[in-house]
Amino acid sequence: MEAATAATAAMVWFRKGLRVHDNPALDAGRRASARLYPVFVLDPRYLRPDPAAASPGSARAGVARVRFLLESLADLDARLRRLGSRLLLLRARDDVADTVCAALKDWNIGKLCFESDTEPYALARDKKVTDFAMASGIEVFTPVSHTLFDPAEIIKKNGGRPPLTYQSFVSIAGEPPEPVMEEYSELPRVGDTGEYELLPVPTVDELGYGDISQEEIPPFRGGETEALRRMKESLQNKVDVSAFLELHILNHIHQEWVAKFEKPKGDPSAFLKPATTALSPYLKFGCLSSRHFYQCIQVVYRSVKNHTKPPVSLTGQLLWRDFFYTVSYGTPNFDRMKGNKICKQIPWSESEELFVAWRDGQTGYPWIDAIMIQLRKWGWMHHLARHSVACFLTRGDMFIHWEKGRDVFERLLIDSDWAINNGNWLWLSCSSFFYQYHRIYSPITFGKKYDPNGNYIRHFIPVLKDMPKEYIYEPWTAPLSIQKKVKCIIGKDYPKPVVDHETASKDCRKRMGEAYALSHLDANPTKGKTSNSLRRKISPGDKATSDASNAKLLKCSQDESYQNMAYRTNKTDIFCFCPQDCTTASVNSFDAVAEQSRAPEAALFTT
DNA sequence: GTTTTGTTGTGGGG
DNA sequence: CCCCACAACAAAAC
């Protein structure tokens, strides 16, 4: 087999990383050959409508995220065309990896470039493609560019185990690599695509999700162009503040916002102007480079006297995103309770009735229901709003398994990101990272603290719009005469509470205490096993590249992690890429950010 | 073994 | 706005 030369063609395979800026895979592709094939593969298993789903969309994604993806692809295509290229959109018949392999062969590709992805299903998918490429003599380049750092590098530096606290993560992480921001005016032309059918980017209406004309269109437009515009708006000026102010004053005001950003201090009820940057969807799809964002924040920091610091600062949010990526990469069965060594084993209860009430925004607690309705309509909620409903479902009130809530978030959040979403559910359910289960968010007073008039509730639950503010958070306490007057009878027009918070939360505390006591007995009967020794250790002899570490991971065929990968891959193969919040990124996906109501954010339960 | 630390609780007081 | 009591946890740091 011959090595790739400038005479053979190169392919850039997009999955996440839907951008031109800071794209090392694209950069390598354009230097490798005079012919470059930029490819994205639509996955029918990800996009196929599922009429049985609880809301419009596919089994794996709600309409909001599908729409965001399609918009991002259209924007990527437009930006590539401006450089004399275009996006080659293929539709997988069945398996995305098979489609990529076929194109590699048919187009006689000599070099394949794609961004490294550490999610289990992506590792399995990419291994399939990489194995094929290697066997065919195709050179493969898989740079790390979705996260600030290479998770495999961090794990190696930490002695083979992922750091399990934020502080230890930050202390070994150091400064992230510089983004690749070289300007260029054109890309190599696209080679002959033979008989391949090249699809235009479909609209969400064309995908057959039924009548979605009544669906509220979320305030997030997908794509790199919008991502960069929003980042600029968040970091600089351009706010709709006031046209009368001098520009430098605006800049000052805004930079102050950036410099003073503190994550736990945001207003979760602010929805007209989210309290965070709301950049998490863009980080999740890679429309915005986390490294570019990081550097831009540094520029602002250098222009001001004081600024907040991690973990609460804006850069701190990006580090949280990397933290969850790293832990998820080094922890087998990270997305489950069973077989997950860093997850408390808790006997969650089964109640389909309570779960459905939570999922559908029918708990009878307006603060909880409004958040779940915003999730369904927008695919995005404030980070602390995510905390409220996650706590309510799990350890706070319903005592239902965090995996059930995780699935709902994963499907509906635009910014849902596997590592960040699972990490935040582990956190909020007090299954890992955070253990103070007696601290429970009140479904009544927590929201009231930020929004005493209940404007957020009135917006997302119109039937409550005329409820006096004295009762808006507890409408079941309103006298019947008032209920009649505002045309909202509790138990008829709006549900009665499905649980009593006072007694339910007390019961949850008790059950958590019992589960914790048991976990002590389980984990420490002989004092021989520390949590460290239970964690996977990647041997220091591994090569430093993530490829080598990936290969190592995949070789553990007896390892539960591999079973997990195979399981996920067969069952889903989500996009052709994957999903943070940072700020969390993203619960990150639980994710976002801060203070005065203003700019939009970064992810958690997302980045 | 003991002390400290941990992004993001509530309710009361000032 | 801050501070405290409440009741209380695991893991890291010492």
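Protein chains get the first letters and strands the later ones, always in sequence-line order, with residue 1 at the start of each.
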Thr477(A): what forms a side-chain hydrogen bond (donor to acceptor under 3.5 Å, both in side chains) with it, not counting sequence neighbours?
none
How many whole angstroms separate atom [atom1] of [X] from atom [atom2] of [N]?
| X | N | atom1 | atom2 | value |
| --- | --- | --- | --- | --- |
| Glu262(A) | dC1(C) | CD | P | 12 Å |
| Arg161(A) | dA11(C) | CZ | P | 15 Å |
| Gln317(A) | dT7(B) | CD | P | 11 Å |
| Leu164(A) | dT5(B) | CG | C1' | 16 Å |
| Ile346(A) | dA10(C) | CD1 | P | 11 Å |
| Leu318(A) | dT7(B) | CG | P | 16 Å |
| Leu314(A) | dT8(B) | CG | P | 18 Å |
| Lys309(A) | dT7(B) | NZ | P | 17 Å |

When you measure from the side chain of [X], which nucleotide among [options] comes out closest?
| X | options | value |
| --- | --- | --- |
| Thr445(A) | dT10(B), dA12(C), dT8(B) | dT10(B) |
| Tyr437(A) | dT7(B), dA8(C), dT8(B) | dA8(C) |
| Ser442(A) | dT10(B), dT7(B), dA11(C) | dT10(B) |
| Tyr441(A) | dC9(C), dT10(B), dT7(B) | dT10(B) |

As a check on the pairing definition, encode DNA chain B in dot-bracket form, counting Watson-Crick and G-U wobble pairs whose two distances are under 3.5 Å, and using | for partners outside this strand.
||||||..||||||
Any protein N or O atoms within reach of nucleotides 3-7 of chain C? Criterion: under 3.5 Å, listing atom names and distances.
none

Rounding to an integer number of angstrom, what distance separates [N] and [M] when you compare their [atom1] atoms?
| N | M | atom1 | result |
| --- | --- | --- | --- |
| dA8(C) | dG6(B) | P | 23 Å |
| dC4(C) | dT5(B) | P | 16 Å |
| dA7(C) | dT2(B) | P | 23 Å |

Under a 4.0 Å threshold between the charged nitrogen and the carboxylate oxygen, would Arg230(A) count as salt-bridged to Glu233(A)?
no
Salt-bridge test for Asp407(A) and Arg411(A): reply yes if a basic N is under 4.0 Å from a carboxylate O, no otherwise.
no
Looking at every strand, decide which applies to Lys449(A) at a 4.0 Å heavy-atom threshold: base, sugar-phosphate, or nothing.
sugar-phosphate
Within the 4.0 Å heavy-atom criterion, would you say Ser168(A) contacts the bases, only the backbone, or no part of the nucleic acid?
nothing
Can you list the residues that meet the salt bridge (Lys or Arg N to Asp or Glu O under 4.0 Å) rule with Glu178(A), with sequence neighbours excluded?
none
In chain order, what residues pass the salt bridge (Lys or Arg N to Asp or Glu O under 4.0 Å) check against Lys510(A), with sequence neighbours excluded?
Glu514(A)
Just say parallel, tilted or perpendicular for the rings of Phe409(A) and Trp358(A), cut-offs at 30° and 60°.
parallel
According to ring pair (Phe, Tyr, Trp, His ring centres under 6.0 Å), who are the partners of [X], at least two apart in sequence or on a separate chain?
| X | result |
| --- | --- |
| Phe149(A) | none |
| Tyr437(A) | Tyr516(A) |
| Tyr365(A) | Phe392(A), Trp476(A) |
| Phe271(A) | Tyr456(A), His459(A), Phe460(A) |

Verify the stacking flag for Trp320(A) against dT7(B): centroid separation must be under 5.5 angstrom and the ring planes must differ by under 30 degrees.
yes
The side-chain contact (heavy atoms from CB on, under 4.5 Å) partners of Leu354(A) (sequence neighbours excluded) come to Ser351(A), Met398(A), Ile400(A), Val498(A), Val499(A)
Sequence neighbours left out, what pairs pass salt bridge (Lys or Arg N to Asp or Glu O under 4.0 Å) with at least one residue falling in residues 360-373 of chain A?
Asp360(A)-Arg376(A)
Exercise: do Ser303(A) and Gln255(A) side chains pair donor with acceptor under 3.5 Å:
yes
Please give me every residue in residues 507-516 of chain A whose heavy atoms get under 4.0 Å of an atom in DNA chain B, ordered by residue number.
none
